[in-house]
Amino acid sequence: MTNLIRNCWYVAGWSWEFSDKPEARMIVGDPIVLFRTSKGKIAALEDRCVHRMAPLSLGRVEGDSIRCMYHGLKFDAGGQCTEIPGQDLIPKQACVRQYPVVEKSNWIWVWMGDPERADPARIADSKALDDPEWVLKTGQLEYDANYELINDNLLDLTHLAYVHANSFGADEAWSLNRPNLEVLPDGVRSSRWIRNTPPTPPLGEAAEHEKVDIWTSYDFILPGVFLLYTAIFEKGTAEACHDEEPDPNRRVLFSNFTSQAVTAVSERKTRYYYSWGPHSSQGDAEMAQAMIDVARQAFNEDKVMIEAQQKVIDTNTDVRPMPTSADKSITIFQRLMRKQDEPQDAEGDLESAAS
Ligand code: FES
Ligand SMILES: [Fe+2]
């Protein structure tokens, strides 16, 4: 367990949660206020007035500024104080921290580290909810646990066989083989076939088959964004494809996509945002909603396990995990995470960890 990594883009919420009414969020332990200016542009500031530390989230948006509603200091969207009622002189230090913030694919992303290093090109490529290829519905969940436990959970899907036997109907085929791993500049790609297993979810044409082969491929991007494509094929397809990525001409019985984002609120609190749904040629909004209802059940299964795991860990924080071969992607990803907050010339040998 470690400190919270700062040099990353964290999801602060869904785009529709923010308006000209200030919203409070906590990310990696920092209180933040988010609001939209008169032009609809999102702003993210430290949620702590320089005067007497009242939260600006109890303030009032005025055009492109926010006014603290304790004694009326006004700050522009860059965090600079522009007005102190009854006082002409505005001291130089009268400013609150401004956080780089970007709205992309229906999520609001905030950079929590060194602003000089905030590169929007590094924001994970999650699916927008109006992506024509997918029909997506959304949900979110709070965990009383450190965010790395949720990351670890998503980086090792062998747990489906045990944690999600009820919700997803996953069987032990999910724990029998290991994925192919590829180290990406900002994460890990994990791909594999699950052979001869019940279709999860058992929808579309896949519902007509008792056993199928499932191709799963996901990118897990800093600081915890999970982008998973799942395609269900007739049994025997994995073998026909020599366990390689299926060629695009093969008939897919059912496919779906999910984007999920893990946000560290504080050391022991995490927020989790997700969307999921079928390919637009294979399902509709009603099906997407049914899928998200199953996902909610599944993520609550994860929550029970992870929060209980956190309690055990807290009884003795000196005890170290004993990795299995399924933990390779966790090791790679954790190393990549640490690297973000190290001095920039630090070089880790991530490639060798993947081999
Ligand atoms: S605490 Fe904000 S104006 Fe006094
Ligand atoms: Fe899970």
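Counting convention: from 1, in listed order, for ligands and their atoms alike. Small disclaimer: the values here were computed from a predicted structure and weren't measured. Basis for what follows: all heavy atoms, side chains included, without hydrogens, waters or symmetry-related copies.
Remark: Phe233 engages Trp193 in a ring-ring contact (aromatic ring centres under 6.0 Å, His included) (not counting sequence neighbours). Here Tyr229 pairs with nothing under the ring-ring contact (aromatic ring centres under 6.0 Å, His included) rule; sequence neighbours left out.
Atom 2 (Fe) of ligand 1 has Cys49 SG, Cys68 SG as protein N, O or S atoms under 2.8 Å away. Below the 2.8 Å limit, the Fe ion (ligand 2) has as protein N, O or S neighbours His159 NE2, His164 NE2, Asp302 OD1, Asp302 OD2.
Under the side-chain contact (heavy atoms from CB on, under 4.5 Å) rule, Tyr10 has a single partner from Val225, Ile5, Ile108, which is Ile5.
Within 6.0 Å of atom CE in Met26, more than 12 heavy atoms from other residues, nucleotides or ligands are found, so the atom counts as buried in its surroundings.
Residue Ile84 is not grouped with residue Tyr70 when hydrophobic side chains (ILVMFWY) are merged at heavy-atom distances under 4.5 angstrom, including chains of intermediate members.
Ring planes of Tyr218 and Phe226: tilted class, angle from 30 to 60°.
A donor atom on one side chain and an acceptor atom on the other are not found under 3.5 Å apart for Gln140 and Tyr272.
Side-chain rings of Tyr274 and Phe299 approach one another, their centers coming within less than 6.0 Å.
Here the CD atom belonging to Gln80 is positioned 5.0 Å from the SG atom belonging to Cys95, to the nearest 0.5 angstrom.
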